[in-house]
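We use all heavy atoms of the structure for the numbers below, so side chains are in, but hydrogens, waters and symmetry mates are not. None of these values were measured; they are calculated from a predicted model. Numbering of residues begins at 1 and proceeds along the displayed sequence.
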Amino acid sequence: RMQTDCHRIVMSLGSTTVDDLGLIRSIEWYVEEFERRTGISCAVDTPIGDIEMDKGCAMTAYRIVQEALANVWKHAKASEANVEVSPKGRFLVVKVSDDGAGFDRDEIGVGKSLGLLSMVERAHLVGGSLRISSKPGKGTRVVARLPLKKKRPQESRATLTRRGAS
């Protein structure tokens with residue numbers, strides 16, 4: 001119960017944290033808190049300084065990192081995770097990966113997991129895309145591609161693939 005309460009409190013701080021610290025420092029802070037709470041080692045690779053982007057897109061990037069790391073903690077049985085954030089042209093690319101149990105996409109797809117679905121929907125709502133790759137025993141990788149400037153939502157381009165498959 002205490003873990004659930006703690007997670008809920010940290011999730012509720014997102015908006016204030018991103019507003020006060022900026023996206024990059026907020027992600028770095030969250031990763032530090034994730035390591036402290038869970039004992040799971042998590043490397044973070046972010047650009048120096050903050051990234052200028054739409055506030056809604058920044059919040060989406062932060063929430064996707066939160067949800068992906070929550071899944072690592074709850075389901076992956078991972079010993080390590082990685083978070084990478086980098087601008088690529090007009091987009092921000094956010095990658096979260098782990099060395100955990102992974103899952104079979106036929107058994108647990110986006111439509112069967114509220115956490116996976118929420119990440120897909122968040123990316124879609126700001127005009128971005130999200131890809132989840134996983135394979136049993138090979139970990140999971142979430143890659144979000146979010147516009148630096150918000151645009152209208154488009155048809156969802158979310159995909160779920162086996163880890164290592166193209």
Side-chain angles (χ1 to χ4, degrees), residues 7-8 10-34 42-76 81-98 102-103 105-106 108-135 139-166:
H7 179 70
R8 184 178 39 78
V10 170
M11 290 291 282
S12 69
L13 295 175
S15 181
T16 303
T17 304
V18 173
D19 288 346
D20 292 345
L21 299 177
L23 175 62
I24 299 305
R25 184 62 194 122
S26 296
I27 288 174
E28 291 168 345
W29 172 83
Y30 187 78
V31 167
E32 290 170 12
E33 287 298 302
F34 171 81
C42 188
V44 62
D45 183 9
T46 57
I48 296 172
D50 211 13
I51 296 171
E52 191 172 317
M53 68 185 299
D54 176 82
K55 184 177 176 178
C57 293
M59 195 66 222
T60 296
Y62 183 76
R63 294 289 189 207
I64 287 171
V65 169
Q66 283 183 314
E67 184 61 42
L69 288 178
N71 286 342
V72 169
W73 179 36
K74 293 177 191 173
H75 308 294
N82 293 290
V83 175
E84 299 173 47
V85 180
S86 58
K88 301 274 191 220
R90 298 180 334 231
F91 294 91
L92 180 73
V93 178
V94 178
K95 299 176 185 176
V96 180
S97 58
D98 67 65
F103 61 89
R105 68 185 183 129
D106 296 328
I108 304 172
V110 171
K112 297 178 184 175
S113 165
L114 194 54
L116 299 179
L117 183 60
S118 75
M119 289 189 290
V120 168
E121 288 303 312
R122 284 181 190 279
H124 175 253
L125 286 172
V126 296
S129 61
L130 187 120
R131 180 179 175 159
I132 301 166
S133 304
S134 191
K135 186 175 181 182
T140 299
R141 182 179 176 120
V142 174
V143 179
R145 187 176 140 116
L146 307 170
L148 293 172
K149 294 187 180 190
K150 192 174 180 178
K151 56 185 183 178
R152 282 192 3 229
Q154 51 190 309
E155 183 175 323
S156 180
R157 297 185 312 180
T159 58
L160 181 64
T161 60
R162 293 185 200 282
R163 188 91 191 244
S166 298

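Put simply, CG on L125 and CG on L146 are 11.0 Å apart, with the number rounded to the nearest 0.5 Å. The distance from the OG atom of S129 to the CZ atom of F91 is 7.5 Å, given to the nearest 0.5 Å. Here the CD atom belonging to E33 is positioned 11.5 Å from the CD atom belonging to Q66, to the nearest 0.5 angstrom. If you take CZ on R145 and CZ on R90, they are separated by 8.0 Å, rounding to the nearest 0.5 Å. Distance check, rounded to the nearest 0.5 Å: CD of E121 to CG of L114 gives 10.5 Å.
E52 meets the side chain to side chain donor-acceptor pair (under 3.5 Å) test with no other residue; sequence neighbours excluded.
Side-chain atoms of V94 and V65, non-hydrogen and from C-beta on, do get closer than 4.5 Å to each other. Within the 4.5 Å cutoff, side-chain heavy atoms of L92 are placed close to those of L23. The closest side-chain heavy-atom distance from S86 to K88 is below 4.5 Å. Side chains of F34 and V72 form a contact here, defined as non-hydrogen atoms less than 4.5 Å apart.
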Requested in this report: Just do the side-chain contact (heavy atoms from CB on, under 4.5 Å) check on N71 and T140 with the steps written out, would you?
Outcome: CA-CA 10 Å; N71 286 342; T140 299; over 6 Å; no
Report task. Tell me, with the steps shown, if L69 and V83 meet side-chain contact (heavy atoms from CB on, under 4.5 Å). Result -> CA-CA 9 Å; L69 288 178; V83 175; 4.2 Å; yes
Query - side-chain contact (heavy atoms from CB on, under 4.5 Å) evaluation trace for F103 with I132 - result: CA-CA 11 Å; F103 61 89; I132 301 166; 4.0 Å; yes
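The two residues K149 and C57 make their nearest non-hydrogen contact at C-SG, 4.4 Å. When all heavy atoms of I51 and P87 are compared, the pair lying nearest together is CD1-CD, 4.1 Å. In this structure, Y62 and S26 approach most closely via the heavy-atom pair CE1-O, 3.5 Å. Nearest heavy atoms, E67 versus S118: CG-OG, 3.9 Å. Across G49 and I24, no two heavy atoms sit closer than the pair O-CG1, 3.4 Å. For the residue pair A144 and I64, the shortest heavy atom distance occurs at CB-CD1, 4.0 Å.
R25 and E32 are joined by a salt bridge, as a carboxylate oxygen and a charged side-chain nitrogen come within less than 4.0 angstrom of each other. Between D19 and K55, at least one side-chain nitrogen of the basic residue sits less than 4.0 Å from a carboxylate oxygen of the acidic one, meeting the salt-bridge criterion.
Side-chain atoms of D98 do not come within 3.5 Å of backbone N or O of G139 as any donor-acceptor pair.
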